[in-house]
Amino acid sequence: MDPPPLSKSAQKKAARAARFAEQKLLRRAKEKEAKKEKKRIRAERRAAGELDDDDEAEKAREKKKPRIQFGGQVIIDLGFDHLMSEKEVKSLCSQLAYTYSANRAASYPFSLLFTSLNGRSLQRLESLNDAGYKRWAKTEWWTEGYERLWNPLSDLTPNSIPQTEGVPSDASTMCAKDSIVYLTADSDEELSELKADETYIIGGIVDRNRFKNLCQTKAKGADVRTARLPIGKYLANFPTRKVLTVNQVFEILIKWAETKDWEVALNHVMPKRKFNAEGKHGRSKASADEEDDQGEDGTYGEEAAAERKISETEQSTSATLEESGDASPQQQGDSVEQQGADEA
């Protein structure tokens with residue numbers, strides 16, 4: 001029996017997806033050319049004495065400054081895949097790339113664990129840049145939920161996604177339930193400080209505020225303590241509901257670890273458009289960049305942004321590893337594939 005014919009809308013979406021795939025190589029070539037041109041112009045300015053040596057030296061020092069592990073662990077709970085639309089799943093995967101990138105650049109990075117990686121989120125990450133997420137250094141990925149943190153001997157069968165080298169073992173990841181805090185805007189408790197011996201969970205969901213008390217209810221069902229960021233205390237003129245993206249919440253935690261000041265951390269990360277009660281009139285540069293990535297109807301803006309960010313993340317990782325003498329992302333990818341083969 002022949003499958004039913006596609007609707008006009010489905011045919012248009014399929015055509016757009018095909019065009020997007022065809023243009024992918026062209027986009028990558030343009031990005032490489034733009035980077036080469038930027039390097040060439042910078043080299044010419046340096047040769048002409050237009051670049052300040054002190055600024056260059058300061059940037060080099062910033063790049064090589066020591067990174068001190070904060071000690072705390074942050075978990076991204078991806079157990080909401082079934083509640084999101086296809087577009088929201090794409091947006092979430094973009095946020096995961098920004099989260100990892102922010103942690104790599106942090107002065108006081110956290111240990112990063114992603115749990116409940118299944119379904120469309122897993123499929124989406126696998127499709128981006130040849131499963132580039134598997135080459136994210138010092139990250140851990142579980143197909144199980146975060147309950148495995150305090151119950152490793154439960155009926156759950158350990159089934160982690162293959163990791164890069166240098167990832168913490170299961171034993172070092174385990175923690176007591178009373179040391180875990182699920183961050184949610186719906187909590188009655190306000191977070192006063194971050195502690196190096198605590199684990200903080202961020203709900204990995206993009207829902208446009210459709211689901212109220214979702215993370216609060218999930219945490220309560222698992223008997224896990226909850227807390228909210230002190231946004232209302234330090235940003236009294238914040239007019240919208242205090243719900244942020246995954247990477248924004250994570251960047252606030254990173255900035256607090258660096259400054260120990262909630263006001264500084266919140267003002268550093270919070271998008272300025274959030275303070276505009278009338279809407280998105282004051283768009284950020286990130287918003288403009290996303291629009292530049294959009295197709296003729298804007299459908300694939302987030303898809304292009306996700307691919308670009310994951311590609312940039314891998315290139316940055318490669319440069320850092322080359323400087324330190326560690327294995328390259330490709331070599332790490334080879335070890336990951338070998339590990340998967342050995343386990344099979």
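These numbers were taken from a predicted model, which means no experiment stands behind them.
Annotation: cation-pi geometry not satisfied between Lys255 and Phe250 (NZ/CZ under 6.0 angstrom from ring centroid, within 45° of ring axis). By the 6.0 Å and 45° rule, Lys134 does not stack over the aromatic ring of Trp136.
For Arg124 (side chain) and Glu86 (main-chain N/O), no donor-acceptor pair under 3.5 Å exists by modelled atom type. Remark: the backbone N or O of Glu147 is not paired with any side-chain donor or acceptor of Asn151 at under 3.5 angstrom. No donor-acceptor distance shorter than 3.5 angstrom exists from the side chain of Arg45 to the backbone of Arg40, with no hydrogens or angles considered. In this structure, Glu140 contributes its side chain and Leu113 its backbone to no donor-acceptor pair below 3.5 Å.
Under the rule for a side chain to side chain contact (heavy atoms under 4.5 Å, CB included), the partners of Ser9 that lie at least two apart in sequence or sit in another chain are Ser7, Lys13.
For the pair Glu189 and Arg228, the minimum side-chain heavy-atom distance is 4.5 Å or more. By the 4.5 Å heavy-atom criterion applied to side chains, Lys218 and Tyr146 are counted as neighbours.
A donor-acceptor pair shorter than 3.5 Å cannot be found between the side chains of Glu88 and Ser91. For the residue pair Asn118 and Thr143, no side-chain donor N or O sits within less than 3.5 Å of a side-chain acceptor on the partner.
When all heavy atoms of Ser121 and Cys93 are compared, the pair lying nearest together is O-SG, 4.0 Å. Closest non-hydrogen pair, Arg135 versus Asp130, comes out as NH1-O, 3.3 Å.
The only option from Trp141, Tyr100, Phe114 that meets the ring-ring contact (aromatic ring centres under 6.0 Å, His included) definition with Tyr133 turns out to be Trp141.
Residue pairs that meet the side-chain hydrogen bond (donor to acceptor under 3.5 Å, both in side chains) test with at least one member in residues 175-185, sequence neighbours left out, are Asp77-Tyr182.
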